[in-house]
Every structure is written in structure tokens, then in C-alpha cells.
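Step one of this worksheet: look at the structure below.
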2 protein chains.
Amino acid sequence: MREPTFWILTALATEPRHGYALIQEADRLSDGRVKLQAGTLYAALDRLVDEGLVQPDREEIVRGRARRYYRLTDDGATALDAEVARLQAGVNTANAQLSARRFGLGQATAGLVIA
Amino acid sequence: MREPTFWILTALATEPRHGYALIQEADRLSDGRVKLQAGTLYAALDRLVDEGLVQPDREEIVRGRARRYYRLTDDGATALDAEVARLQAGVNTANAQLSARRFGLGQATAGLVIA
DNA sequence: CTCCATATAAAGAAGATCTGAATATAGACG
DNA sequence: CGTCTATATTCAGATCTTCTTTATATGGAG
């Protein structure tokens, strides 16, 4: 699962949202780090609907513009759960490796003497 | 950063390794979940050297075959560190969203009465 | 003698994302 | 009154990484 997809599912986890709202929610949830591109978003939504991770929810017309709402399916929540576990495992492994690296290189600290 | 790249940097964090050893190390570190493809690996190594995250270390000839070792640069370690922090932030956010979802849906537990 | 593990390389396809532009309307600002 | 910005979706084309497949080479196991 790629990052934009991950953030779309994450943003949809709490409640149904329409495309444009997802762009803002991903931005908010990530403290401004994730800027979903419109092209990426709508293509990903179509794909996620095909895969059954997301479902069309309802459609509203606000100020002449259609808002198409999507919601996370149970399969989608399960997939996001699995992805989170996978990512956490990778993060833990990388942290352990980086710690070992620092241990190997930072030999000065091992010889630190309290004077 | 994509996953194969992430695992290459993670596997290189502790000591220099050659390509084939990286395939095995990524497999081991991920408990068999990550199978680096040879095509992916060697292409990624070239790219990472270009980007300065990895450096050629030394070359050995074992049983007529060349082993080209690579090691993680300080920039590479910094990049992996940053990636780990980024991933952890995403994981935390997704977990919070998934918890909120469960809270919203699993209303039965809120009304649980000790009889 | 063939199969398997070791070790790297390179070409072509696949697939998600990115870039940029198009379309449409309401409200704000000057 | 006209322009700019925010809202909202769509599409075409490019990019980039990864995947697949194939090729090459050799030592050891069966």
C-alpha cells in the first residue's frame, strides 16, 4: 500500500467524506505533511472501490457542485489495521538496526567516566 | 521512500553487505515477509549510491564470483531515521483513527452494566 | 550430469503517483 | 463590475520504482 492510499483510508476511518474533504483531512491529520493531489486521490478512490476497501456512501449537491461521499468498509478497516501492523514491525526493526549502528560507532559513550 | 529501499537501508545499517546478502538479511529481519527481487535491489543500490545514501565499500572475489559490498553513509542513516519518524507518525495517526472508529461503532461496550 | 545456491546485470512491463490543465460556481475584495 | 480564491471533480501524459524475465557464471550436492 502506497502512502496516499494509506492516508485516504486513515482519513475515512472515522466518518464518510467526499474527495475534497479528504485532501483537507489528510493534510490536517498529518500536520500539513501530506498533500493529496487531486489526480492521485480520485484515481485511488476508484481503485479502492474496485477492491472493496471503500464504498460510495451518498451524494450531495452544495452550491451547484456534487459532493460524492465515500466510507471505509469493514474490509478497508481490516486492511488498514494490517498495514499499520506491517509498518510498525518495519519501524521497530529499523529502530533496532539504527540503535545497533549507534552502539557500534558511538564507542566514546561506553568509556565515559564520571569524574 | 518505497519499501524495498527502506529495507535495503535497514539491512545496511549495522554493517556493509553485498547485494545477495541484502536479499537474505531483509528476509531475515522481516521474518520472511520481505523478499527483495534481484532486479529491484541492484537498481535501487545504483540509485542510492547516486543519492549518496549508500557507498560502495569493497569488492571480494569468492568462488569466481564478485561480491560488491555497500555501506550506509551518514546521510543514509539520517534519511532512514527521518523515514522511521515519518512512518511512526503515520502509524500513530492511523491507530488513533481506527480507535475512534471502534469507539463510534462499538457502542455496546459503553452501555455495559455489571449485573 | 543436472539441479541448486551463489551473485550480478539488463530489458521491458506494470502500476501508483505526480503534474498540469480543464470545467464550474459562489463569495470576497477592490 | 471584474478578478481572485475556495470548492469539487476529471482526465491526459509523464515519471519513478518496482516486478518479471532472462542471461551469465561457477562450485557443490545428489
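FYI, side chains are in, hydrogens and waters are out, and symmetry mates aren't considered; it's all heavy atoms of this structure. All values reported here derive from a predicted model rather than from experimental measurement. Numbers restart at 1 for each chain; the letters A, B, ... are given by sequence-line order, proteins then strands.
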Rounded distance in Å - CG (A:Leu36) to P (D:dT9): 13 Å
B:Tyr42 side chain near C:dA9 phosphate (N/O to OP1/OP2, under 4.0 Å): no
Pair B:Glu25 + B:Arg17, salt bridge at N-O below 4.0 Å: yes
Interatomic distance where CG belongs to B:Leu45 and P belongs to D:dT17 [whole Å]: 13 Å
Atom pair distance, as rounded to whole Å: OH in B:Tyr20 and P in C:dT6: 4 Å
Integer-rounded Å distance: C:dA5 P and B:Arg63 CZ: 13 Å
Ionic contact status for A:Asp81 with A:Arg86, cut-off 4.0 Å: no
A:Ala44, nearest nucleotide to its side chain (from C:dT17, D:dT7, D:dT9): C:dT17
Closest listed nucleotide, where the reference is the side chain of A:Arg47 and the choices are D:dT9, C:dA16, C:dT8: C:dA16
Residue-phosphate contact under 4.0 Å: A:Gln24 side-chain N/O, D:dT7 OP1/OP2: yes
Close side-chain approach of B:Thr10 and A:Thr93, heavy atoms under 4.5 Å: yes
Donor-acceptor under 3.5 Å (A:Arg68 side chain, A:His18 main chain): no
Whole-Å gap separating P (D:dA6) and CZ (A:Arg67): 16 Å
Side-chain N,O (A:Thr5) to OP1/OP2 (C:dT17) below 4.0 Å: yes
d(CG, B:Leu48; P, D:dT18) in whole Å: 8 Å
Distance-only donor-acceptor test (3.5 Å): side chain B:Arg65, base D:dT26: yes
A:Ala21 or B:Gly39, whichever maps to the more 5' nucleotide of DNA chain D: A:Ala21
D:dT18 base / B:Arg2 side chain donor-acceptor hit below 3.5 Å: no
Rounded distance in Å - CG (A:Leu22) to P (D:dT7): 14 Å
B:Thr14 (side chain) donor-acceptor with A:Arg101 (main chain) under 3.5 angstrom: no
Spacing of A:Asp27 atom CG relative to D:dT7 atom P, expressed in whole Å: 11 Å
